[in-house]
There are 2 protein chains.
Amino acid sequence: MAGKVTIATVARHARVSRQTVSNVLNAPHIVRPETRQRVLEAITTLGYRANQAARQMRTGRSRLIAVRIEPTRDGINGSVLDRFLHGLTETAEAAGYRVMIYTAGDDDGEIATYEDLLSAYDLDAFVLTGTKHGDPRTAWLAHRAVPFVTFGRPWDDPDAHCWVDVDGAAGTEQATAHLVRAGHRRIGFIGWPRGSGVGDDRRSGWRRTLLASDLDPAGLDAETDDGITQGERTARELLARPAPPTALVCASDSLALGAVQAARDSRVDRDSGVDRAARDSGAHPHVPVIGFDDTPVAAAVGLTSVSQPLGEAAARCVDLLTDVLDGPQRTPRNLLLRPDLVLRHTA
Amino acid sequence: MAGKVTIATVARHARVSRQTVSNVLNAPHIVRPETRQRVLEAITTLGYRANQAARQMRTGRSRLIAVRIEPTRDGINGSVLDRFLHGLTETAEAAGYRVMIYTAGDDDGEIATYEDLLSAYDLDAFVLTGTKHGDPRTAWLAHRAVPFVTFGRPWDDPDAHCWVDVDGAAGTEQATAHLVRAGHRRIGFIGWPRGSGVGDDRRSGWRRTLLASDLDPAGLDAETDDGITQGERTARELLARPAPPTALVCASDSLALGAVQAARDSRVDRDSGVDRAARDSGAHPHVPVIGFDDTPVAAAVGLTSVSQPLGEAAARCVDLLTDVLDGPQRTPRNLLLRPDLVLRHTA
DNA sequence: TTGTAAGCGTTATCAA
DNA sequence: TTGATAACGCTTACAA
């Protein structure tokens with residue numbers, strides 16, 4: 001601790017005025033190269049770092065962006081937010097921004113937090129994960145002209161604001177097409193109850209791929225809340241139907257994990273329990289199952305799954321934000337990223 | 001947006017000086033009650049909020065604390081940090097602090113981040129999750145007298161700094177005692193390679209409980225890196241020994257999840273595959289398995305597990321920090337929390 | 001190209 | 001008990 005190093009310390013050391021130091025930092029091109037060099041050296045030798053609070057008072061900008069974290073209802077899907085958060089923090093750091101996190105009970109609580117964060121900390125922007133039909137939060141932010149980007153499409157109006165999303169339909173399309181190529185004709189889908197943008201999107205990819213292959217999706221899908229046990233129960237029901245699916249695409253890894261259980265048992269049924277060796281060796285279950293999100297658990301248990309490019313999604317969120325914050329005001333832009341199918345044991 | 005509301009706006013509105021408003025905020029007792037009342041009313045009607053940057057310039061305090069987030073190597077254990085982070089953010093908010101997150105590649109990178117966060121953002125304190133023998137980060141922070149608390153004991157010297165931890169040995173002790181009470185005499189343990197504080201701690205609880213019950217731990221434990229497949233393989237090895245364990249305590253849910261697979265198969269071995277109905281009904285496997293961390297995945301699949309009070313741990317971290325930050329300088333304190341055994345299907 | 005002066009919103013000091 | 005003044009470290013406007 002050699003005492004506080006301010007812009008004045010640097011100025012003295014480099015034998016220039018404080019203003020020149022500031023110029024080197026904020027407008028290097030207007031400073032003569034040799035002077036600039038001298039100042040830069042002083043900065044490194046002294047280990048000077050601009051004080052954000054002081055800078056912020058003048059500029060009104062904090063170089064801080066905020067993200068909400070949610071309690072993990074399901075540790076499996078929770079890792080999605082986790083990985084997104086990590087990517088966001090890394091990219092933000094590279095762009096000179098820091099990430100602040102906050103919690104909120106409901107939409108009103110979240111909006112109250114916006115007010116606090118904005119007036120007390122001068123936050124530069126918000127990143128929202130997950131959007132719903134008629135989201136009051138985005139409306140509030142847009143109305144105050146607060147820069148923000150959402151990870152997840154605005155399901156009402158695609159051009160309502162900046163967003164980055166992963167094309168869920170393209171993901172289930174890849175999964176379904178993979179199974180079609182493998183010769184399956186009756187491919188089932190286990191998804192969430194209709195009405196959620198994400199869930200409906202993922203279902204649509206399955207459906208359209210079947211139709212494009214002249215296959216009939218009727219009677220091959222089922223809806224349930226997310227969860228392993230829900231997935232297992234629903235898969236069991238699906239497999240017990242008169243003309244059961246011979247393969248399953250699921251809206252999440254949680255559902256898929258449950259479905260894998262059901263599929264294994266269903267195979268044992270047919271094999272009268274003699275196929276244990278094959279199972280032990282990690283061979284394919286007879287009913288292939290594909291999940292969604294490529295969570296670490298999927299990787300661990302060998303579940304084939306659709307992988308979201310979370311790191312890239314996070315990076316693009318930061319890009320969009322810095323475009324708005326640092327560059328000239330542009331029109332809201334958005335980005336739909338393609339997921340990839342990660343083949344493992346289950347399909 | 002009715003323009004910026006500063007302390008001056010409030011002062012005008014309440015017909016007092018700026019200083020009086022400041023006093024109402026920071027030293028209410030020296031302001032006459034009626035004046036205080038008038039100022040308070042002005043504050044609420046105007047929706048005034050103190051600007052942190054300005055306050056920080058004077059006080060040198062930012063009311064910001066920082067936590068590092070790590071990429072989830074394993075989605076199962078990742079949820080532990082996740083839940084801790086959530087608790088931390090909530091408690092910090094209640095105490096008037098905000099949480100900033102950062103990433104770091106290694107210890108040197110993390111220390112470089114400390115320097116940046118400290119000099120640029122005037123961070124008030126750090127929360128470190130996980131500590132190791134001879135941790136350079138805690139040494140650096142202690143040397144600069146930067147307030148910090150760790151979630152995890154300093155394994156070298158218990159009084160080196162503030163910390164909160166969960167008594168891992170007490171957790172495995174509960175798990176082991178439960179199995180002893182259930183009549184088991186050969187209880188195995190699957191843990192991490194020796195040398196990690198957390199892993200050794202958890203192993204010691206198993207060991208001492210066995211010894212206390214006049215049971216011999218010899219030949220009943222095995223070491224492996226964390227992971228589901230590692231757990232399955234190791235459990236299989238353990239169960240294939242001459243006098244195999246009849247129950248298993250694991251150092252993590254990941255290991256336990258793998259062990260459950262191995263245990264199921266081992267039962268099928270003995271039962272010649274006829275016991276499928278019992279398995280489907282979720283009955284106990286013949287070899288009970290207990291995990292550690294009570295992750296959401298454990299809850300989903302019915303794995304009995306040791307539950308860490310993460311929310312409380314986080315809250316206590318904030319308490320310790322605010323003690324140091326707001327109160328008079330006290331001696332470093334620490335806290336060892338008791339985990340609980342959550343009984344489910346597997347034991 | 002460089003230096004001077006002012007001000008951002010707050011709190012600490014000190015006088016009234 | 002209250003109020004005026006200075007200062008925190010920085011950047012913008014303007015003068016040299």
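All values derive from a computational prediction rather than experimental measurement. No hydrogens, no waters, no symmetry mates; every other heavy atom, side chains included, goes into these values. Order of the sequence lines fixes the chain letters, A, B, ..., with proteins taken first and strands second; residue numbering starts at 1 for each chain.
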Specify the residues of residues 9-23 of chain B, ordered by number, for which at least one heavy atom lies under 4.0 angstrom from an atom of DNA chain D. B:Val16, B:Ser17, B:Arg18, B:Gln19, B:Thr20
Considering residues at least two apart in sequence or located in another chain, which fulfil the side chain to side chain contact (heavy atoms under 4.5 Å, CB included) criterion with B:Arg49? A:Glu115, A:Asp116, A:Ser119
How long is the straight-line distance from CG of B:Leu85 back to CD1 of A:Ile69, given to the nearest 0.5 Å? 4.0 Å
Would a 4.5 Å heavy-atom cut-off, applied to side chains only, mark A:Asn23 and A:Pro28 as touching? no
So what does B:Ala50 hit on the nucleic acid, given a heavy-atom distance under 4.0 Å: a base, only sugar-phosphate, or nothing? sugar-phosphate
Give a yes or no answer on whether the side chain of A:Arg36 reaches the backbone of A:Ile30 with a donor-acceptor pair at less than 3.5 Å. no
Do the side chains of B:Asp323 and B:Arg333 get close enough for a salt bridge, i.e. N-O under 4.0 angstrom? yes
Basic-acidic side-chain contact under 4.0 Å: A:Glu34, A:Arg38: no
Provide the start and end nucleotides, 5' to 3', of the part of DNA chain D that has atoms under 4.0 Å from heavy atoms of chain A. D:dG9 to D:dA13
Nearest 0.5 Å, please: how far is CZ in A:Arg68 from OG1 in A:Thr113? 8.5 Å
Below 4.0 Å from chain A heavy atoms, what is the first contacting nucleotide of DNA chain C and what is the last? C:dT1 to C:dG9
Strictly by modelled atom types, are B:Glu93 and A:Thr103 linked by a side-chain donor-acceptor pair under 3.5 Å? yes
Tell me which residues in residues 30-40 of chain A lie within less than 4.0 Å of DNA chain D, going by non-hydrogen atoms. none
Please report the C-alpha distance between B:Thr322 and B:Asp326 in whole Å, then the side-chain angles of each, then the deciding distance to 0.1 Å, and finally whether the side-chain hydrogen bond (donor to acceptor under 3.5 Å, both in side chains) criterion is met. CA-CA 5 Å; B:Thr322 50; B:Asp326 299 332; 5.0 Å; no
Only one of B:Phe126, B:Phe148, B:Trp140 clears ring-ring contact (aromatic ring centres under 6.0 Å, His included) with B:His161; which? B:Phe148
Residue pair B:His29/B:Arg58 against DNA chain D: nearer the 5' end by closest nucleotide is B:His29
Is B:Lys132 salt-bridged to B:Asp107, going by a charged N under 4.0 Å from an acidic O? yes
To 10°, what angle do the rotation axes through the five end pairs on each side of the helix from C:dT1-D:dA16 to C:dA16-D:dT1 form? 40°
I'd like to know if the side chain of A:Thr150 reaches the main chain of A:Leu128, judged simply by a donor and an acceptor atom lying under 3.5 Å from each other, with no hydrogens or angles considered. no
Over 60° means perpendicular and under 30° means parallel, so tell me whether B:Tyr102 and B:Tyr114 are parallel, tilted or perpendicular. perpendicular
Looking only at the side chains, is there a donor atom on one of B:Thr131 and B:Asp135 sitting less than 3.5 Å from an acceptor on the other? no
Is it true that A:Asp167 and A:Arg338 have a side-chain N and a carboxylate O under 4.0 angstrom from each other? no
